[in-house]
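Here the structure is laid out as structure tokens; the discussion comes afterwards.
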Amino acid sequence: MTLETFSTWEGTVDDLKGLVTERAISGETMLLNMGPQHPSTHGVLRLILELEGEEIVNCIPDVGFLHTGIEKNMEYKTYEKSIVMTDRMDYLNPMGNNLVYCLAMEKLFELDVPMRAQIARVILAELTRLNSHLVWLGIHGLDLGVTSMMTYCFREREVLLDIFEMVSGQRMMSTYFRPGGLWRDLPEEFEDAVRFVLKTFPAKIDDYEKIMTHNAIFLDRTQGIGFITAEDAIAYGLSGPTLRASGVNWDIRKAQPYSSYERFEFDVPVGQHGDVYDRYLLRVEEMRQSLRIIEQGLNMLEPGPFRSNNRKYVPPPRSELGRSMEAVIHHFKLWTEGFRPPKGEVYVATESPRGELGCFLASDGGPNPLRVHFRTPSFANLSAANKLSQGYMIADLVAIIGSIDIVLGDVDR
Amino acid sequence: MVGIFEDLGFEAGLAAVLGNLVGVVVLATVFLLLPIFTIWVERKVAARFQNRIGPNRVGPYGILQSFPDVVKLLGKELILPRNVDKIPYLLSPIIMVAAVVLIVAVIPLAPTIIGTDLSIGALYFVSVGSLTTIAIVMAGWGSNNKYALLGAFRTVAQLISYEIPLVFSLLIPILLVGSLSMQTIVEFQDTYWIIFYVPTAAVIFLVSNIAEIGRAPFDLIEAESELIAGYMIEYSGMAFAMFYLAEFLHAFLVAVIFSVLFLGGWQGPLAQDVPVLGIAYLTIKSFIVYFAMLWVRMTLPRFRIDHLMAFNWKFLVPVSIVHVLVTAGIWSALPEPDLSGGWFARLGEEFPRMALNLVASVVIAVVSLRLLRQYAEQERQRLSEVTAMVEHKQYPLATTGQGAQSNVIVVGTGSGD
């Protein structure tokens, strides 16, 4: 494909100027269109690569192929009805998305959350982190040619999805967290199911490490690849494991604890080389830490209310509807009009498996939010793709894109 | 076979031609149909490795799964994209399959069953097998696609480089036997299989052959996660199926050739007298080798092109050259044993030179692996130091609550061995 046909496909040559070097315009280097239909761009990411042989001169991410308009759509729905859409953003971290949106609402309404619900949220958020890291590990293996890794990881993920189904009725799009607590109480079987995970999981992580960590080919493919310094990582706004692998000790669960994370004891793994291998090691270690958190959470879990009692925002339980006229009115109001929170703006940040997942919520006092914006880690992390991949080869690009762990639903929203 | 045609009243010359023709058709057909079974084996074994079930719907244990697949591919249109170079584009699948099927000619299936016992059989295998390179380059260039072209680039580099350790490791059995004829090589392994003389050469041969056919971990030429399908990205329908057929057939034939050269081919109890047993032995051995190849395929990550070349030129080539020299030295220094006695007598007579070669081969392997490991550790150390300039930014952590101890684990501090 010549430059002319390339440019007629989308945009003009002028659009490319400034993005690629002059050598690409003159045809000295090759422009390669990678994606949006490509097996290892993790969905529908399009990358315009400027190549010299196999070496990457420039890598320009082009996003927007999975734009769903979720943020805009939320402005037309009542606060509580939008929770269901947050699941669809980062589909590997549905509970985490629910959590950040609920936390933002609770901060705006100044709504209390019972301790049982907070602990349950932490447990489920950490299970979601495990789920997300498992998918990441499997796909990372697949990208690097360890095809078996994916099926092993998805086997374990199945157990986690069963737990999500048990609590919420849905395997992935759970919509389980609601403002003020949880949709309903944790089922009785929940504790046994999670204890089973705690019992079996550490051995599985060891197994993954046996396949990957000390494999010479894997080391060759990941060590020193996609290297970024701490200064650059901060400058690019990276967060999560991608940032910590560069040696920056920044974990929002520690730095700005939310949802009772301050009561948990866990370690923050930090890398020292800032390469693909450190990001891999770091996420594997995070899985172990997540197990620690889950275990503490299970021990802390005590019977009690699972949702706030504030009738202004939280619908009354079914049992009250037959007895109390007031409850019927609340119920009717909440499910037709929704609630009217005070005017204001809030921003809440959480640590998603990919990094800082923040939610900005603005209210004008009406039943629908004025503006909802999500600061998603995938989007910010992807911005460093060019920096990370310059000078490496196409094969490395696959490893790098895998190591920053983007989810395109999270990038585009 | 020629006799039958003569009995039917054909002239001797014509009968010979017809008889050979029938032989060629039968042999080629059998081997061309073999992938139908090996694809099933591959899918089933891969599924077991990956904790899956694999094909299980069509026929018992899904053994007939390949038939509907082939029928589906037959029904697909062969899409001819605009701007392709038609001649290389359409010719390349044919050359690919033809080059692979040609290998069949020199495989000794049994003491009396062999396509043709060429006096240069081993050389023929190498030269015909590398014809696939030309087919891949034609496909990559003809497709007028950048991914296909990148795949073809990689192919040229990879296949031509790995030809060298392949030939050197092939030279070693030839040295031991003193002949290039495949049948003679098999007959030599009457007492000990060649793998017992030179296990290192056998491993090098297998590794460079896996690279030659482009299977994992050397599957860069069609690396799914990078180049999608590499050189065959534009192909559809039967043309695509022919590439697949060639790949699977080549993979299996490599296993067969390995068994012939290093595992005694058809040798086994009573194989001299009952040719069918020879075929059975060869099949069993080939499938064991094939299984080993699958095992590797399912476990290892993919190489990167420069690591692949480094592994070849800095490790396989020197080791195989040293191995050829050492084996040649030992072999010419030792006296020819008296091999006229019974089988057990020959076993005893042959033992000293077998043992000596074995020791030499193992020493070469151990020493070279040690050096490789040392080099790799040095490289990793160097790499680690280059990237360890990342300074630790200790940010003050807003820790509240009683349980919030902020321990920091630094990952990757252990030696990466």
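A, B, ... follow the sequence lines: proteins, then strands. Residue 1 opens every chain.
Rounding to the nearest 0.5 Å gives a distance of 12.0 Å between CE of B:Met298 and CD1 of A:Ile211. A:Glu156 CD to B:Asn51 CG: the interatomic distance, rounded to the nearest 0.5 Å, is 8.0 Å. Going from atom CD1 of B:Ile305 over to atom CE of A:Met393 covers 7.0 Å, rounded to the nearest 0.5 Å. Put simply, OG1 on B:Thr299 and NZ on A:Lys210 are 14.0 Å apart, with the number rounded to the nearest 0.5 Å.
Under 4.0 Å is where a charged nitrogen must lie from a carboxylate oxygen, and between A:Asp396 and B:Arg304 at least one such pair does.
Across all non-hydrogen atoms, the minimal contact from A:Met34 to B:Tyr147 is CA-OH, 3.0 Å. The two residues A:Tyr152 and B:Phe49 come nearest to each other via the heavy atoms OH-O, 2.6 Å. Across A:Ile217 and B:Arg302, no two heavy atoms sit closer than the pair CG2-O, 3.6 Å.
Each of A:Val146, A:Thr147, A:Thr222, A:Asp220 was scored for a side-chain contact (heavy atoms from CB on, under 4.5 Å) with B:Pro301, with one residue passing: A:Val146. Considering A:Leu51, A:Leu49, A:Asn33, A:Leu32 in turn, A:Leu32 is the only one that fulfils the side-chain contact (heavy atoms from CB on, under 4.5 Å) rule with B:Lys146.
Under the 3.5 Å distance criterion, the side-chain polar atoms of A:Ser148 are left unmatched by any main-chain donor or acceptor of B:Gln50.
For A:Leu397, no part lies near chain B; criterion is any non-hydrogen pair under 4.5 Å. Heavy-atom distances place no part of A:Ala233 under 4.5 Å from chain B, backbone and side chain included.
Applying the side-chain hydrogen bond (donor to acceptor under 3.5 Å, both in side chains) test to A:Ser403 and every residue at least two apart in sequence or in another chain returns A:Arg279. B:Trp40 pairs by the ring-ring contact (aromatic ring centres under 6.0 Å, His included) definition with B:Phe37, not counting sequence neighbours.
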